[in-house]
Amino acid sequence: MVLRIEIKVTFMSQKNIARWLIASVSMIPLLSMNAYSADKTIVKNKTAHPSDYRPSVNKKGLAARSVVHEREASGSGEAVIVTGTHATNRRARDSSSPITVFSAQQLRNTGELNLASALARVDPSITVSALGNDTAALTSSIRMRGLAPNEVLVLVDGKRRNITGNMAGGSTPVDLNMIPANAIDHIEVLRDGAAAMYGSDAIAGVINIITKKSAHGIHTYAQTGANAYNGDGWQYQVGADGGVKWGNDGFLHVTGQVYHTDHSVVANRKTYDHRWSAGDTWSPNSNKIESTPEETRENLAIEWGKGISENIQTYGLITYAHRHAEAYENYRTPSTVPTVYPYGFSPLETIEQNNFQANLGLKGGNFLGFNWDLSTLYGEDDDDIGVKNTYNASYAKVYGWSPTTVRAETYRMSQWTSNLDLRRNFNIANLVPMTLAFGGEHRLEMYHIRAGNEPSYLYGGTSGYAGISPVSAGSWQRNVWAGYIDGDFHPLKKWDLDFAGRFEHYTDAGNTETGKVTTRYDFTKRIAIRGTISNGFRAPTLAEEHYSALSVSPTGASGTLGANSAAARTIGASNLKPERSTSAEGGIILEPVDRFHISADVYQINIRDRILSASSIRGQTALEAISNAGVSIDPTGLDLQNISASYYANAASTRTQGIDIQGDYHLPLHRYGTVDLSMLLNLNRTVVSHVNTNIFNNPMANAQTVSSIQGYPRSKIVLNAHWNLGSWDFNIRETRYGSSKSLMTYEDLAPKSVRYSNTTWLSFENTPVWTTDLQVGYRFNSRWRATLGANNIFNMRPRVVSPLTNYLGPKIYDSGSALAMTGGYYFARVDANF
């Protein structure tokens, strides 16, 4: 009976949702006369609710260490997971879905100070863009399995993390770097469609960050390093975290860190500016746009858990982060504004970002035999985008002056989410164990765009980046209501079968029903197979519907218009629709010999009406569209064909196919220590199966757009060896980035017949590259540890592009490459525990 109900729920219509929830609850007593009782001591029960990942508390009130903390450097498959399942006490190796656990020590072993970069170094299915353009350079974003950042759901202790207000990589992702890295105990990465379990965004997979919850001890650290071959890009980070007891059954854990990095500018003879000629007073390598931003960031996290009665516990997590970052724009020659900048100038695009989230909750047991979790969270991301070292010459002609520093716009994205989750174990007819979980969610999403200072957008805007006018400003919001049910069965001792169904209602995007069927069968303790079939749904974010921005180059301008705006409609835009996906995955898990584990999972993800940046419109039509957005551009001195406008659209349908292979081997060497070997591989390919048309019946995606979808490495391999020998430990990592191809725009040095063409491009390929990372650590005693390391020791960099596709000369590398252009990075770190 239960199986029939679960299948029906997976594809249920809205009108039956209330009846379904009532019927499900009313049938619970009929399922078994011998139901499992919920654990009365909540803090001692490791349930599968992600928010239940709290420390067990002994009689002295000391928080116990987590499973992963006991085996930081290895054995991640032995960790008890809470992601992708509602069953209890399930290890990563026993999961019916592909899931990998990365400990805090594994992340530290990467030498990376940014969480997004550290995760990309250990997980081949995750990539980070090496260099963003304009505002995208100021916000971090990740991709999983080559899909968009918005198609990866990020959770913190099982609770949805708020997204950024700033657009990065064509998405408004969760910026992982705004989460303090030293607050993390481990990260669970689920590579599977999980929209039926977690809702919108979980198409490529789920990243669940589990934070530290220890009630004793203090850990401090300091790290510094630089891009050795450039001699710049100096970084430092200092941080501390510690916990204290709160009575006999609670804890308080506080984490803080401060991070700073200088600009790292590519500097060699190939970066000469095309505009320079003999006799000019300015240097030919004055243009620093091929660089990483300067950034200062402060992060804080406060977490607690406390029992308030025998069966009820309160918990919470508050995080706050502030970022100030500055990114170089193209150099303006001395002739641009000779009275103000006689030696020329490089505008700096800036961001002042404040990101915070507060999670509050109650959880307990014995509510009709159920464990329950009631929580609410509010998260907000505020981004003031500005420009400094700039000027608006046209504004100065009218008013007699122009500021050199402006606020261009403000983006604010906020989310208020409330959840109720219930879970209980049963025996069906005393034969079939099952876990029943169900619950509901409400989410209020709000997006606000505030116009910039008048000098930032009037009369063509400021050099480097123009602000948003009141025409494109505004406030928008929507409500999301959801209900889900999940049944995990063991029809046979070696067979696990999971059905999940979810209904969601968006006040702007309508209704959707999503479902997921997952199964696993263990033939022996050494051989198992697993598979999943699911469908997904992703409503367009409010930013994708309304975001707009204008970048002003020395010879042109590029505008992104709000998809739902009147200005965008003049070039073919229509209201955005939700993306819908179907996924299928199958895998095998092997343990050929003791301590050697290997898994291989193949997958296919079809996405219909995928949201992408539509093909750019150039020339007079683009100029008029930008003017309709409230920004008038003076075309004097600009190449009309270098003025472009675009918008976000449901441009195409895609099919992503790939394979994930993972293997690890724990090798005891007795008096010579232990060695942990691992290999992780991701092969990936995305093809466009259909291109949609705009309101003028023109294709929304051209060949270059299709190429950009595929502009990530087709393969990535991570080989790692960690050797522990007494007080010493050594870590070596080899990473192979596969080839990636793109179609690049012909720029200023190209013949006029193809310059800035929207139909003819130059094919470019980043060839495969191996990089080597090495780290050596020494533990002086139980408190002090020192580490020296180097990433990309041999200074491998992306392939240099053709001068014909290098705008003005300084951008010698493909900005879409997953391999950082900064080359080798050398660092030193000290950790202390008290």
Any side-chain donor-acceptor pair under 3.5 Å between [X] and [Y]?
{"X": "Gln237", "Y": "Gln223", "answer": "no"}
{"X": "Tyr712", "Y": "Asn766", "answer": "no"}
{"X": "Asp664", "Y": "His666", "answer": "no"}
{"X": "Gln641", "Y": "Arg618", "answer": "no"}
{"X": "Thr772", "Y": "Arg733", "answer": "no"}
{"X": "Thr560", "Y": "Tyr647", "answer": "no"}
{"X": "Asp273", "Y": "Asn285", "answer": "no"}
{"X": "Gln704", "Y": "Thr745", "answer": "yes"}
{"X": "Thr261", "Y": "Glu294", "answer": "no"}
{"X": "Asp192", "Y": "Thr532", "answer": "yes"}
{"X": "Asn650", "Y": "Asn692", "answer": "no"}

Whether [X] side chain and [Y] backbone form a donor-acceptor pair below 3.5 Å:
{"X": "Asn114", "Y": "Ala116", "value": "no"}
{"X": "Asn806", "Y": "Lys811", "value": "yes"}
{"X": "Thr172", "Y": "Ile163", "value": "no"}
{"X": "Lys716", "Y": "Ile126", "value": "yes"}
{"X": "Thr656", "Y": "Thr686", "value": "no"}
{"X": "Asn642", "Y": "Asp639", "value": "no"}
{"X": "His722", "Y": "Asp729", "value": "no"}
{"X": "Ser583", "Y": "Ile605", "value": "no"}
{"X": "Arg610", "Y": "Thr654", "value": "no"}
{"X": "Ser739", "Y": "Thr767", "value": "no"}

Assess the residue pair Thr805 and Tyr746 against the criterion (side chain to side chain donor-acceptor pair (under 3.5 Å)); give the C-alpha distance rounded to whole Å, side-chain angles, the decisive distance to 0.1 Å, and a yes or no. CA-CA 5 Å; Thr805 60; Tyr746 284 102; over 6 Å; no

Does [X] reach the side chain of [Y], with side-chain heavy atoms less than 4.5 Å apart?
{"X": "His260", "Y": "Gln235", "result": "no"}
{"X": "Tyr465", "Y": "Pro347", "result": "no"}
{"X": "Val122", "Y": "Leu107", "result": "yes"}
{"X": "Tyr331", "Y": "Trp276", "result": "no"}
{"X": "Tyr229", "Y": "Phe794", "result": "no"}
{"X": "Asp748", "Y": "His274", "result": "yes"}
{"X": "Ser291", "Y": "Val266", "result": "no"}
{"X": "Ser346", "Y": "Asn287", "result": "no"}

Might you work through the side chain to side chain donor-acceptor pair (under 3.5 Å) test for Asp773 and Asn792, ending with a clear yes or no? CA-CA 5 Å; Asp773 307 335; Asn792 194 0; over 6 Å; no

Mind checking the [atom1]-[atom2] spacing from [X] to [Y]? Nearest 0.5 Å is all I need.
{"X": "Glu579", "Y": "Asp201", "atom1": "CD", "atom2": "CG", "value": "9.5 Å"}
{"X": "Ser534", "Y": "Ile203", "atom1": "OG", "atom2": "CD1", "value": "9.5 Å"}
{"X": "Ile588", "Y": "Ser599", "atom1": "CD1", "atom2": "OG", "value": "10.0 Å"}
{"X": "Asn177", "Y": "Gln353", "atom1": "CG", "atom2": "CD", "value": "10.0 Å"}
{"X": "Ser103", "Y": "Arg108", "atom1": "OG", "atom2": "CZ", "value": "7.5 Å"}
{"X": "Ile661", "Y": "Leu683", "atom1": "CD1", "atom2": "CG", "value": "6.5 Å"}

Between [Y] and [X], is the closest basic N to carboxylate O distance under 4.0 Å?
{"X": "Arg755", "Y": "Glu747", "result": "no"}
{"X": "Glu765", "Y": "Arg799", "result": "no"}
{"X": "Asp601", "Y": "Arg191", "result": "no"}
{"X": "Arg538", "Y": "Glu544", "result": "yes"}

List the steps and the verdict of side chain to side chain contact (heavy atoms under 4.5 Å, CB included) for Ser97 and Leu190. CA-CA 7 Å; Ser97 299; Leu190 171 67; 3.6 Å; yes

Sequence neighbours excluded - salt bridge (Lys or Arg N to Asp or Glu O under 4.0 Å) pairs with any residue from residues 648-663: Arg145-Asp660

Show, in sequence, the C-alpha distance, side-chain angles and deciding distance for Ser125 and Asp123, and conclude whether the side chain to side chain donor-acceptor pair (under 3.5 Å) test is met. CA-CA 6 Å; Ser125 70; Asp123 191 325; 2.7 Å; yes

Check step by step if side chain to side chain contact (heavy atoms under 4.5 Å, CB included) holds for Phe764 and Lys741. CA-CA 6 Å; Phe764 177 80; Lys741 297 180 179 180; over 6 Å; no

Would you name the heavy atoms of [X] and [Y] that are closest together and state the gap between them?
{"X": "Glu151", "Y": "Ile607", "answer": "OE2-CD1, 3.8 Å"}
{"X": "Gly556", "Y": "Tyr807", "answer": "N-OH, 4.5 Å"}
{"X": "Pro699", "Y": "Val691", "answer": "CB-CG1, 4.0 Å"}

Does the pair Leu677 and Leu719 meet the rule for a side chain to side chain contact (heavy atoms under 4.5 Å, CB included), with working shown? CA-CA 8 Å; Leu677 304 172; Leu719 306 175; over 6 Å; no

Check the pair Asp232 / Ser264 against side chain to side chain donor-acceptor pair (under 3.5 Å), numbers first and verdict last. CA-CA 5 Å; Asp232 62 1; Ser264 179; 3.1 Å; yes

When the ring centroid of His263 is compared with that of Tyr328, is the distance short of 6.0 Å? yes

CH2 (Trp770) with more than 12 external heavy atoms under 6.0 Å: yes

Taking atom CH2 of Trp282 as the centre, does the number of heavy atoms from other residues, nucleotides or ligands within less than 6.0 Å exceed 12? yes

Do you know which of Ile351, Thr296, Leu138 makes side-chain contact (heavy atoms from CB on, under 4.5 Å) with Arg323? Ile351

For the pair Tyr825 and Phe827, name the ring-plane relationship: parallel under 30°, tilted 30 to 60°, perpendicular over 60°. parallel

Would you call the rings of Phe596 and Tyr665 parallel, tilted or perpendicular if under 30° counts as parallel and over 60° as perpendicular? perpendicular

